[in-house]
Amino acid sequence: MDTSRNTPSNFIRNIIDEDLASGKHKGIVTRFPPEPNGYLHIGHAKSICLNFGLAEDYQGTCHLRFDDTNPEKEDEEYINSIMEDVHWLGFDWGDHLYFASDYFDKLYEFAVELIKQGKAYVCQLSADEIREYRGTLTKPGKDSPYRDRSIEENLDLFERMRSGEFEEGSHVLRAKIDMASPNVVMRDPTLYRIRKIAHHRTGDKWCIYPMYDFTHCLSDALENITHSICTMEFENNRPLYEWILDQVYPEPHPRQIEFARLNLGYTMMSKRMLLQLVNEGIVESWDDPRMPTLSGLRRRGYTPAAIRDFCERIGVAKANSLVDMAFLEHCLREDLNANAPRTMAVLRPLKVVIENYPEDQIEELDAVNNPQDPEPDTRKIPFGREIYIEQEDFMEDPPKKFFRLAPGREVRLRSAYFITCTDVIKDEAGNVIEVRATYDPNTKGGSAPDGRKVRATLHWVSATNSLPAEVRLYDSLFTVEEPSIDALAEQLNPNSLEVLTNARVEENLAQAVPGDKFQFERQGYFCVDKDSTKGNLVFNRTVALRDTWARTNK
Ligand code: ATP
Ligand code: MG
């Protein structure tokens, strides 16, 4: 029985429903098992939403388990960032925080058990030889010359591997399955290798570390995971997952279920590649707002609700596909449109002097904060003789379709008045540096009592009563839809970051703190960056806005 709310069904839910209906399980236990070797990305969000989401919907439990069996690549910093990101997305593992490294003793015992059953052996082939002996998809493998050692000898050698007697790479423990299996994964896979490196949690206790395939199934079993959901590339590993449990673990076993990983256009999703972007200084850090990491998206201004919504709407399937970045942005806009207060900011200012407005007067006008609210509230914005408008909203010699400000032309200033351009002032090079205008005092609030229309509405800020700000505009990091790590240099977008240092924002934003989100009217959604300070505001453009009202007449 599916106890979920409005979530559409999918093949994973069908399996769970069957397992509950047949009485195989009374409830479900899932897990999210990141390796702490980098920051989480949007692909991980899909897995997090799926695993934690299923647990929520079926009133089950979802564990957070760090798959920390590769000490050379793993780091405490990553563990902390992963926990922060899962929480930020809105999920909680409660008491169920686990580390594969906590199972090292038990895993060792399981390995000994396999050896005692004659199903694992210590092999002294080199890594290259093991590869060579393994064969290929079309050619069967060859038995290792060490395959038929006695159980006693294997037990002795494995114990000596553990005690540090042998060099790295000289010995491995392998499962004894079938070197002729059509599934290459089953050709006597390595279970343990020697690594003389301290582990961030177990210190120097171990110099042998279990491989992913050995660790993962047993960790799942030890935690009573019912449904072990992973990505398609582990499909070939499923027989090994089941084989290991069949040898050493009592039923019921967790069931591995694969789904297609998320791929997004114009970005990349592998931690190894993301690490390279960081290490080579191509981006500033893991949380650079151009990164597809959750910390990057957060800093960019993405909301957890938008990401959860996206993950739900892309659904789960078995077939790999490439999702459009536009769809992620669409989900984001929906959330921000509903929730981000409106404000005005001028990114590239052009001064307008309203010549018939009293010199020292500042008046407070009312502006709506979010017209999407059922009962929208308003704020006060100061209006005076000198204002800024966007440079691109003025043209001295406009083409036919340009309806914004031009000499002799009347336009509306959002929430303020109609103004008419009377003159321009230029620098020596002939660039317009200031516009002169008059305003119609009868158009306060933005409509004329005589019903006359204007064809454009511009955003603006007071020149004297606004704040300077830095605004960072982002574009995608890559110029190709599916970038590859080997061609990074040619595929990088040289214009992925544009910094505007002369922007002006409403003085209402003086108190804004990092993470605050706004719609800058007509410009998009923006988020206060962590570099921002009270006196030095910094905004990231989260996502552009489709200009919906500049040409309409309201
Ligand atoms: P990467 O290739 O980016 O390093 P990974 O699979 O090695 O990813 P893990 O830390 O092992 O990273 O992943 C933790 C969980 O997240 C796994 O269950 C994995 O299947 C899932 N996951 C990783 N990338 C994606 C993705 N792009 N889409 C969906 N799930 C993903
Ligand atoms: Mg991995």
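By convention here, the first residue in the shown sequence is residue 1. Both counts, for ligands and for their atoms, begin at 1 and track the order of listing.
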Checking Asn237, Asp67, Thr69 against His216 for side-chain hydrogen bond (donor to acceptor under 3.5 Å, both in side chains), the one that qualifies is Asp67
Is the ring centre of Phe158 less than 6.0 Å from the ring centre of Tyr108?
-> yes
Glu312/Lys46 salt bridge by N-O under 4.0 Å criterion | no
For Arg272 and ligand 1, answer yes if some heavy atom of the residue is under 4.0 Å from a ligand atom, otherwise no.
-> no
Considering only heavy atoms of Phe259, which atoms of ligand 1 have at least one such atom less than 4.0 Å away?
-> 29 (C), 30 (N)
Here the atoms of ligand 1 under 4.0 Å from any heavy atom belonging to Pro34 are 10 (O), 14 (C)
Take Leu125 and Tyr133 through the test side chain to side chain contact (heavy atoms under 4.5 Å, CB included) and record every step on the way to the result.
-> CA-CA 9 Å; Leu125 291 177; Tyr133 275 63; 3.9 Å; yes
Where the closest heavy atom to atom 23 (C) of ligand 1 is concerned, which of Arg31, His44, Lys271, Lys73 has it?
-> His44
Checking heavy-atom distances from atom 17 (C) of ligand 1 to each of Ser270, Pro33, Pro292, the winner is Pro33
If you count the atoms of ligand 1 from 1 in the order shown, which ones are under 4.0 Å from a heavy atom of Met269?
-> 3 (O), 27 (N)
Heavy-atom contact under 4.0 Å between Phe32 and ligand 1?
-> yes
For atom 21 (C) of ligand 1, the option (of Pro36, Cys230, Ser47) bearing the nearest heavy atom | Ser47
Determine yes or no for a side-chain-to-main-chain donor-acceptor pair under 3.5 angstrom, with Glu129 supplying the side chain and Ser126 the backbone.
-> yes
Would you say the side-chain atoms of His44 pair up with the backbone N or O of Ile82, donor to acceptor, closer than 3.5 Å?
-> no
